[in-house]
Amino acid sequence: MKLVEYFRAQMMKDPDMASAVAAIRTLLEFLKRDKGETILGLRESLTWATDCLTGVDSSVAVSSGGELFLRFISLTSLEHQDLSRCKKVMEERGELFLEKISMSRTKVAKLCHTFIKDGAKILTHSYSRVVLRVMEKAAAEKKRFSVYVTESQPDSAGRQMAEALRKLNVPVTVVLDAAVGYVLEKVDLVIVGAEGVVESGGIINKIGTYQMALCSKAHNKPFYVVAESFKFVRLYPLNQQDVPDKFKYKADTLKTVQNLSEEHPMIDYTPPSLITLLFTDLGVLTPSAVSDELIKLYL
Amino acid sequence: MADSGETGGPVKKDGIQQAKTEGKELTKEEKQRLRKEKKQQKKSKEKKDEKASQESEKEKKPVSSASPASQPPTQPITPKAPSAVPTLVPVPASETPAPADKPAKSKAEMKAERRARQEAERASKQGKKGEVGQQAAPGKPKAPPSELQPVVKRLPEHVQVDNPEVLKKLAKKLERQQTPEYNAATKVKIPLRSDYGYKVSLFSHLHQYSRKAPLTQQLSIPSTVIHPAIVRLGLQYSQGIVAGSNARSVALLHAFKQVIRDYTTPPNEELSRDLVNKLKPYISFLNQCRPLSASMGNAIKYIKKEISNIPSQCKEEEAKSKLLNCIDRYIDEKINLAAKAIAKSSIEKISDGDVILVYGCSSLVNHILCEAFEKNRKFRVIVVDSRPRLEGREALRRLVQRGISCTYVLISAVSYILPEVSKVFLGAHALLANGYVMSRVGTSQIALVAKAFNVPVLVCCETYKFCERVQTDSFVSNELDDPDDLIVTRKGKTQLEHWQEVPSLGLLNLVYDVTPPDFVDLVITDLGMIPCTSVPVVLRVKNVDQ
């Protein structure tokens with residue numbers, strides 16, 4: 001399928017780009033090449049394309065990014081007689097949307113780095129490009145801090161994060177996932193990224209985040225989340241079990257495996273009561289403000 | 001040099017100011033003069049203030065007319081979006097005129113505060129006599145003056161039952177609410193219902209009525225003033241025949257429809273003003289029968305707004321049919337369709353194998369469970385009940401009739417049964433502006449125990465029950481039911497039969513309590529699923545809508 005190939009090509013071209021951004025680029029390209037006749041048909045084919053992409057990469061951000069893209073481009077007056085004129089308007093808005101979200105990581109970094117004080121010890125989980133950007137900015141501001149990263153099994157993504165941080169000359173220690181409680185008394189703050197931010201203000205992130213949040217609450221350490229605004233999704237899980245299966249497991253696992261109860265989930269849900277603040281390109285939000293922003297984004 | 005000996009206004013003023021700054025005592029004449037000058041200054045500033053608020057009104061009207069224009073284009077494109085789509089553009093625009101006014105007022109802040117307080121008192125007194133077309137620009141013209149200076153708010157009169165002055169004022173107000181008879185000599189008044197029994201001191205500011213003697217024996221209801229449909233409704237409320245938030249609101253709206261059908265405009269009167277005045281004694285009467293609920297309050301506000309929005313050129317028949325249509329549409333949209341939308345959202349949250357706990361009898365929760373059962377979800381229900389109302393039996397009857405497997409417990413067994421429960425569904429009487437949920441007494445207890453067991457608590461509530469009030473405890477505003485309901489006869493013995501004779505004994509039969517938002521995980525409304533802390537957002541969006 002040309003769509004999937006284009007998506008994979010985009011991902012490989014720039015490994016630093018979020019998968020959701022690649023998905024949106026793919027959707028924009030799809031829109032340009034689409035030969036539909038009606039606006040409704042166009043929307044349907046875009047929805048179909050988003051579903052295809054979620055089939056390839058089942059992260060929450062891809063589906064939320066796709067949905068937001070669709071809403072953003074159709075949120076204008078599309079009363080033109082000519083379909084090609086409408087398409088042009090939609091494409092322009094699509095480009096605008098893409099531009100805005102490419103800047104989002106920089107905005108988040110600008111907001112968050114002030115919370116990292118000189119001499120701070122930070123704990124983070126697994127590999128997150130946004131957290132990396134925040135630390136780059138803090139290091140650029142000549143702040144001295146040290147980082148503890150959890151190994152984050154089963155894919156050992158934490159080691160990748162440690163490598164990247166060593167390149168920035170930041171002292172980093174890799175700890176076992178089981179050592180989070182042990183290390184928390186030495187740590188000043190916890191910063192994690194998010195794969196998706198849900199309506200309640202909670203987050204969906206790599207498995208092990210919920211544990212970390214629970215321990216930091218018990219130790220009274222601030223738990224910060226950094227996420228771009230296109231990760232806001234219209235889910236409202238009540239507990240771990242309530243997160244839909246299509247997000248819990250990798251896309252290929254969903255297709256090949258028969259009995260999902262034998263598979264281990266890749267993500268977990270952290271409720272809003274454990275999160276201190278969320279740093280997004282819409283500003284610094286408390287978990288209860290996320291619902292407010294979501295209402296603005298989606299309605 | 002002090003010129004206090006000379007005559008002449010401005011010079012005298014200098015003298016007074018100098019005397020003030022020197023800390024001397026002002027003479028009587030000087031004080032009188034000061035007072036007169038202050039009054040004149042106030043009058044001139046009032047005029048300026050009115051002009052300023054009119055200008056800000058005009059600024060807001062083009063903004064508010066822009067918002068309906070942008071609504072239709074979005075509607076065909078987002079067919080799934082709920083009909084109450086807020087365009088939040090007007091909100092930031094309306095906030096900008098207010099700070100612009102601030103630097104101009106910073107000079108005479110103290111005087112302005114006093115003036116604002118007096119104006120607020122005057123406005124509240126005028127408001128009771130009849131709110132007319134000024135209500136047409138909904139709420140926004142009131143926003144600038146209150147945003148500029150803090151206005152002293154007073155407790156509503158019905159919540160000050162132990163204050164005799166307030167009671168006297170209330171009695172006089174009821175006297176004044178009379179229909180303009182041709183023969184003004186026959187002044188008919190709506191009687192005050194008297195309280196019954198000893199009231200527990202914490203709740204002495206609330207009314208406590210008895211249900212034993214029917215209302216018609218206690219009050220002499222003037223049939224010329226109160227429409228018979230309203231009398232019937234009042235009786236039904238006071239005897240508990242019509243109970244439950246939705247049922248009461250719908251009954252109220254139907255009674256108002258009857259009133260409108262039978263209404264004829266008297267000569268030399270406008271329908272929009274006269275009908276609103278006619279409704280006032282009805283509402284006071286209904287309040288006497290049983291205190292109004294938040295949903296009824298919102299319905300009444302809507303009706304009054306619709307009535308006062310009727311243009312004066314409209315013919316009577318046309319106006320009446322328009323009003324009847326409005327009421328029908330309100331019932332349809334806010335209650336029936338909202339129930340359908342809420343049921344649709346809730347079904348996603350009910351999974352197979354669930355054990356759902358419900359409390360009391362909420363029409364909405366029962367509807368949701370029946371719908372879910374029809375969509376072939378496999379679950380079982382635990383119905384929790386409590387004395388003295390025992391409403392859970394009604395819920396049990398309705399669910400069992402559909403074929404849903406149910407368990408019935410009393411509220412004292414809640415902590416015993418909770419480990420089996422996977423979700424708790426609660427109904428609400430009203431949702432307050434600070435996120436607190438006001439519901440039947442016992443609800444907060446269940447939410448508390450559920451939180452302790454880490455069981456998710458879901459509250460289902462339509463948006464028309466959202467009210468702007470803020471309450472953090474169940475004492476300040478509640479309803480006291482008949483204390484005799486607590487008396488029970490077992491094995492032929494009634495222990496509490498003569499409770500009134502024991503001086504230190506009080507019986508308390510509360511109706512509502514408030515649940516803090518930390519115990520509630522999710523609120524399902526017709527606008528979607530929101531966390532409890534987002535209720536003010538919905539209220540803000542609704543105000544923008546109107």
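Within every chain, numbering begins at 1; the chains are lettered A, B, ... in the order of the sequence lines, protein sequences first and strands thereafter. Computed from a predicted model, the values in this text were never measured in an experiment.
Within a 6.0 Å sphere centred on CD of Gln211(A), other residues, nucleotides and ligands contribute 12 heavy atoms or fewer. At most 12 heavy atoms of other shown residues, nucleotides or ligands fall within 6.0 angstrom of atom NZ in Lys100(A). Enclosure of atom NZ in Lys32(A) by more than 12 non-hydrogen atoms of other residues, nucleotides or ligands within 6.0 angstrom is indicated.
Legend: residues meeting side chain to side chain donor-acceptor pair (under 3.5 Å) with Tyr359(B), ordered by chain and number and at least two apart, are Ser386(B).
Contact check for Asp292(A) versus Arg540(B): side-chain heavy atoms found under the 4.5 Å cut-off.
Interatomic distance, CD1 of Ile530(B) versus OG of Ser200(A), reported as 12.5 Å (0.5 Å rounding).
Closest approach of Ser288(A) and Ser534(B) over heavy atoms only: O-OG, 4.2 Å. Taking every heavy atom of both residues into account, Met529(B) and Glu199(A) meet most closely at O-OE1, 2.8 Å. Of all heavy-atom pairs between Pro531(B) and Ser291(A), the closest is CD-OG, 3.3 Å.
For residues 451-458 of chain B, heavy-atom neighbours of chain A at less than 4.5 Å comprise Pro456(B), Leu458(B), sorted by residue number.
Only the backbone of Pro237(A) comes within contact range of chain B, with at least one heavy atom under 4.5 Å from a heavy atom of that chain.
A salt bridge between Asp242(A) and Lys423(B) is absent, with no side-chain N of the basic residue lying under 4.0 Å from a carboxylate O of the acidic one.
Using a distance-only test at 3.5 Å, with no hydrogens or angles considered, a donor-acceptor pair links the side chain of Lys349(B) to the main chain of Tyr236(A).
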